[in-house]
Amino acid sequence: MKTIIVINDGSPSATHASKQAFAIARAVQANILVADTYEVNTMVSAKVLAGHSIQQPLIAGDRLALMLNALNQEPANYHPEISAMDIADFDATQLAAMIIKNDIWLMVSGSGTVLQNGPRQPLLNLQSVLNKVQCPLLIVPENWTLKNIQHITYMADLRYCRAAVVKYLVQLAEPMQASVAVAHLSAKGIPDIEESYGQQLFTERVGNHIRNFPVAFNNIREKDINKALDVIINGMHNDVLVLVNHRYHFKEIIGDYLTEALPGHITIPLLIFPY
């Protein structure tokens with residue numbers, strides 16, 4: 001059984017991201033673990049849990065779990081199991097160990113808007129966690145309009161494209177009836193590829209490994225990374241952009257490290273795979 005972990009820092013962006021995680025969990029038939037990165041004791045009604053109205057302190061993760069449990073009451077073919085865990089005292093190494101131990105399939109976190117003084121480093125370094133685990137991280141912008149995911153594009157230099165990443169994307173996309181594409185952009189300093197060679201390389205790198213799901217190939221020759229992103233996000237109407245941590249195009253798009261807010265031109269969820 002797949003498990004999706006939602007990183008909850010108590011922010012509106014975390015709540016927003018948890019709703020997208022819930023939609024994915026229903027589609028791929030995964031359970032949800034809400035991981036609360038800070039402790040807040042709040043008197044709330046425990047009616048859903050106890051069957052009658054009482055008051056008891058719940059940590060923030062429990063409040064988010066209650067909200068997801070309320071969504072879970074709606075009719076559906078699958079109802080994910082939702083649980084909460086306090087990880088307020090965890091550092092990146094401890095969180096990574098927990099993710100490995102529980103065989104987590106996907107991490108999900110929210111991304112706020114850029115502050116006047118620029119985005120700050122998050123309290124919990126999820127990029128460091130990515131260096132220690134096998135599952136990817138989905139970052140959902142707070143201004144992203146929640147919707148069913150329909151189009152997913154993996155941005156890479158095809159010469160270094162990873163079949164394992166595409167296989168995972170197929171697992172994610174197929175139950176949602178979404179499309180998967182690989183968008184080739186040559187790494188800096190490496191020549192472009194001709195269309196015929198690109199198709200041959202795509203077949204070798206991807207097609208021969210993914211036989212039962214149609215994966216598209218786009219050879220993007222635009223040298224300006226921001227213009228290329230605009231084509232992928234707005235021109236191709238993608239819902240998820242896929243990158244590999246520390247690999248080609250990541251630094252050009254994200255910078256040296258992840259912060260609490262994605263760059264302004266990343267307006268769709270960003271799925272980052274471990275290096």
Side-chain angles (χ1 to χ4, degrees), residues 2-22 24-25 30-40 59-61 64-65 83-115 118-144 154-155 162 165 168-169 172 240-247 249-264 266-275:
K2 297 180 179 71
T3 300
I4 297 172
I5 185 170
V6 176
I7 307 300
N8 178 31
D9 61 3
S11 66
S13 62
T15 300
H16 185 70
S18 74
K19 294 175 183 177
Q20 190 69 62
F22 179 80
I24 294 172
N31 293 327
I32 294 178
L33 172 61
V34 177
D36 185 17
T37 63
Y38 79 120
E39 278 190 45
V40 178
I59 63 171
L64 191 52
S83 57
M85 181 178 186
D86 179 7
I87 62 165
D89 297 326
F90 282 29
D91 59 19
T93 299
Q94 291 169 313
L95 177 55
M98 186 272 283
I99 287 171
I100 293 169
K101 180 180 178 181
N102 290 279
D103 195 25
I104 299 297
W105 184 71
L106 175 66
M107 296 182 285
V108 178
S109 73
S111 172
T113 54
V114 177
L115 303 177
R120 299 185 296 265
Q121 272 286 78
L123 295 177
L124 184 61
N125 190 340
L126 293 178
Q127 192 164 11
S128 179
V129 175
L130 268 175
N131 293 333
K132 300 175 173 66
V133 300
Q134 298 297 314
C135 67
L137 168 67
L138 180 68
I139 304 175
V140 182
E142 189 175 355
N143 57 0
W144 161 254
Y154 171 25
M155 188 176 179
R162 296 182 180 178
V165 169
Y168 183 103
L169 296 179
L172 174 64
V240 176
L241 175 67
V242 182
L243 297 172
V244 174
N245 193 24
H246 301 308
R247 293 297 284 175
H249 311 307
F250 180 90
K251 187 173 182 179
E252 298 170 82
I253 295 170
I254 302 299
D256 291 326
Y257 50 80
L258 291 171
T259 66
E260 65 180 11
L262 290 173
I266 305 296
T267 56
I268 61 176
L270 178 64
L271 184 62
I272 308 175
F273 280 80
Y275 176 73

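All values below come from the heavy atoms of this structure, side chains included, with hydrogens, waters and symmetry mates left out. If you read the sequence from its start, that first residue is 1, and numbering goes on from there. It should be emphasised that the depicted structure is a prediction, and the values quoted were computed from it without experimental measurement.
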Residues two or more places apart in sequence or in another chain: which of them pass salt bridge (Lys or Arg N to Asp or Glu O under 4.0 Å) with K19?
-> none
Drop me the distance from [X]'s [atom1] to [Y]'s [atom2], to the nearest 0.5 angstrom.
X: I87; Y: I99; atom1: CD1; atom2: CD1; value: 7.5 Å
X: M155; Y: L271; atom1: CE; atom2: CG; value: 14.5 Å
X: S18; Y: I7; atom1: OG; atom2: CD1; value: 12.0 Å
X: T15; Y: N8; atom1: OG1; atom2: CG; value: 6.0 Å
X: I5; Y: L106; atom1: CD1; atom2: CG; value: 10.0 Å
X: L258; Y: L137; atom1: CG; atom2: CG; value: 7.0 Å

Residue list, ring-ring contact (aromatic ring centres under 6.0 Å, His included) with F90, at least two apart or on another chain = none
Who passes ring-ring contact (aromatic ring centres under 6.0 Å, His included) against W144, sequence neighbours left out?
-> none
Trace of the side-chain contact (heavy atoms from CB on, under 4.5 Å) decision for E260 with S111 | CA-CA 6 Å; E260 65 180 11; S111 172; over 6 Å; no
Partners passing side chain to side chain donor-acceptor pair (under 3.5 Å) against [X] (at least two apart in sequence or in another chain):
X: H249; value: E252
X: Q134; value: none
X: S11; value: D9, S13
X: N131; value: N245, H246

How far apart are the closest heavy atoms of [X] and [Y], and which atoms are they?
X: V6; Y: A21; value: CG2-CB, 3.7 Å
X: C135; Y: L130; value: O-CD2, 3.7 Å
X: V244; Y: P274; value: CG1-O, 3.6 Å

Find out whether [X] and [Y] are in side-chain contact, i.e. whether some heavy atom of one side chain is under 4.5 Å from a heavy atom of the other.
X: I4; Y: I104; result: no
X: L270; Y: I254; result: yes
X: D103; Y: T3; result: no
X: I272; Y: L126; result: no

Are R162 and Y275 in a cation-pi contact, defined as NZ or CZ under 6.0 Å from the six-membered ring centre and within 45° of the axis?
-> yes
Which residues pass the side chain to side chain contact (heavy atoms under 4.5 Å, CB included) test with A17, sequence neighbours left out?
-> V108, V140
With sequence neighbours excluded, what pairs up with A96 under the side chain to side chain contact (heavy atoms under 4.5 Å, CB included) test?
-> V129, K132, V133
Determine the interplanar angle of the Y168 and F273 rings, folded into 0 to 90°, and report it as parallel if under 30°, tilted if 30 to 60°, perpendicular if over 60°.
-> perpendicular
Is there a side-chain contact (heavy atoms from CB on, under 4.5 Å) between L243 and F250 once you walk through the steps?
-> CA-CA 6 Å; L243 297 172; F250 180 90; 4.2 Å; yes
